[in-house]
Asks: 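Take this structure, written in structure tokens, and hold onto it; I'll ask about it next.
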Amino acid sequence: MSDYQSDFVRTIVERGFLHQCTDLDALDALAAKKVVTAYIGFDCTAPSLHAGSLMPIMLLRWLQKTGHRPIVLMGGGTTKVGDPSGKDESRQILTEDKINENLTSIKSIFSRYLDFGDGASDALMANNADWLDDLQYIPFLREYGPHFTINRMLTFDSVKTRLEREHPLTFLEFNYMILQAYDFLELARRYGCDMQMGGSDQWGNIINGVELGRRTDGTSLYGLTSPLLTTASGAKMGKTADGAVWLSSDQLSAYNFWQYWRNTEDADVGRFLRLFTELPIAEIERLEALDGAEINEAKKILALEATTLCHGAEAARNAAATAEETFEKGGAGNDLPSTEVSEDALRAGIPAFEIFCIAGLCKSNGEARRLIKGQGARLNDQPVSDETRAVTLDDLDASGAIKLSAGKKRHAMVRVG
RNA sequence: GGAGGAGUGCCCGAGUGGCUAAAGGGGACGGGCUGUAAACCCGUUGGCGUACGCCUACGUUGGUUCGAAUCCAACCUCCUCCA
């Protein structure tokens, strides 16, 4: 573990970022003697990235921290094609406007994790629409087509699984891997990019780029993937009750982000601390060794560290304070989701099931009724037994708020506004 | 172009005229046990209404029938084999 020469390789190996590498020893040697430029591509299929993208982002961050240069490649062009890797079905085709909209809002996330600029190890952002949009079909085919054989492409998992499951794979999607391979070549030419990184499902795509570089330009390129992240009990990372764990506060509040990490399974704590925080390994080893309920302390540290990186120190502290107030003191922290209702409405009385919907704890009145019937609903920490019970001004507490809870973990405040 | 098969709720999948808001499983949510953990046990899982109830739903559109997810017709999509 410790016999690597470069800080970069040593770090990612000991923190668990490495799954496969085209030539780890050569990469290690390279990183020990020069500034390596490496990129990771990001889809623009949603307006924000989620926890699943966090590992690649941290990988870029470590790359930079160990003295190298990260490139964030926005898939403004490739998103128009759609990556078939790891998917049973084709993605819905997004409009160009939508893609650009997503791209813009995703960009801002990276500034929290990377330093952009013009220095040797300052990060760079590129958009593959810049070169893909204007490709000429026939010239492109003639120049790069001969380097790819269908025989080989059919052996890649992304293609193979579709065929085996008899799910359609369109020619559009089939082209994706060629475009991604070309991206790598383009980045190597433009910026001297040495390496492409990504999740393990990107291995095939990455290899294609490495080979294309060798065949066309005779350059030595490297590929490196990180393991597919699942929780210890096998679930995919990044899901909560309300959907994905988004990285932008517009989609998921810092408090909920903090909560996500706080609720990590015991068995994942050590692994996640290595991947999603920058605590020294020795400290992590101490934390993950905590027994029984004590490991909750480790989870709080994980949550604080991860939230600090994503949303800033202040937001993270507030989230932690809210959680402490809410869960450990049984009160209600400031960061809990809050909704306002009019004084008139409260004076008239709002049926209990309805106010749970208004507060966003339930998606429909029916769901709220079921919650109440199942004894999962509480108002100011008192169980709600009658679903039609009127919630009125009398229910406001001393601070002028009503605390609603759905289950033990989901809380929301209602205030007069 | 020809022949055959398929399209069901968040997902998988059963159902071939009424007892079907649709078996079963997964997921999700709630309860119990705990430590805001896992595992396990129990419950819930289309919308609206306090409720007897109403509405929407089995690819799409029409039709047969007292009554259709189930039968018929056309269309759309996908799969397999043949040309």
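Naming convention: chains lettered A, B, ... in sequence-line order (proteins, then strands); numbering from 1 in each chain.
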Asks: Within a radius of less than 6.0 Å around NZ of A:K107, do more than 12 heavy atoms belonging to other residues, nucleotides or ligands occur?
Replies: no
Asks: Give A:Q259 one of three labels, base, sugar-phosphate or nothing, depending on what nucleic acid heavy atoms sit under 4.0 Å from its own.
Replies: base
Asks: What integer distance in Å separates A:F327:CZ from B:G35:C1'?
Replies: 13 Å
Asks: Could you work out the separation of B:G25 and B:G9 based on their C1' atoms and round it to a whole Å?
Replies: 14 Å
Asks: What is the pairing partner of B:G17, taking Watson-Crick or G-U wobble pairs with both distances under 3.5 Å in any strand?
Replies: none
Asks: Tell me what A:N296 touches on the nucleic acid: a base, only sugar-phosphate, or nothing, going by heavy atoms under 4.0 Å.
Replies: base
Asks: Contact class for A:A377 vs. all strands (heavy atom < 4.0 Å): base, sugar-phosphate, or nothing?
Replies: nothing
Asks: Is any side-chain N or O of A:K373 closer than 4.0 Å to OP1 or OP2 of B:G43?
Replies: no
Asks: So A:G292, base contact, sugar-phosphate only, or nothing? Heavy-atom distance under 4.0 Å.
Replies: base
Asks: What's A:T264 touching, base or sugar-phosphate or nothing? Going by heavy atoms closer than 4.0 Å.
Replies: sugar-phosphate
Asks: Does a side-chain N or O of A:R369 approach OP1 or OP2 of B:C48 to a distance below 4.0 Å, or not?
Replies: no
Asks: Using a 4.0 Å heavy-atom cut-off to protein, can you give one letter per nucleotide of nucleotides 20-25 of chain B, 5' to 3': B if the base is in contact, S if only the sugar-phosphate is, - if neither?
Replies: ------
Asks: For B:A37, take OP1 and OP2 only and decide whether either is under 4.0 Å from a side-chain N or O of A:K409.
Replies: yes
Asks: Does A:R274 come within less than 4.0 Å of A:E288, counting only side-chain N to carboxylate O?
Replies: yes
Asks: Between B:G30, B:A37, B:G46, which nucleotide gets closest to the side-chain atoms of A:R370?
Replies: B:G46
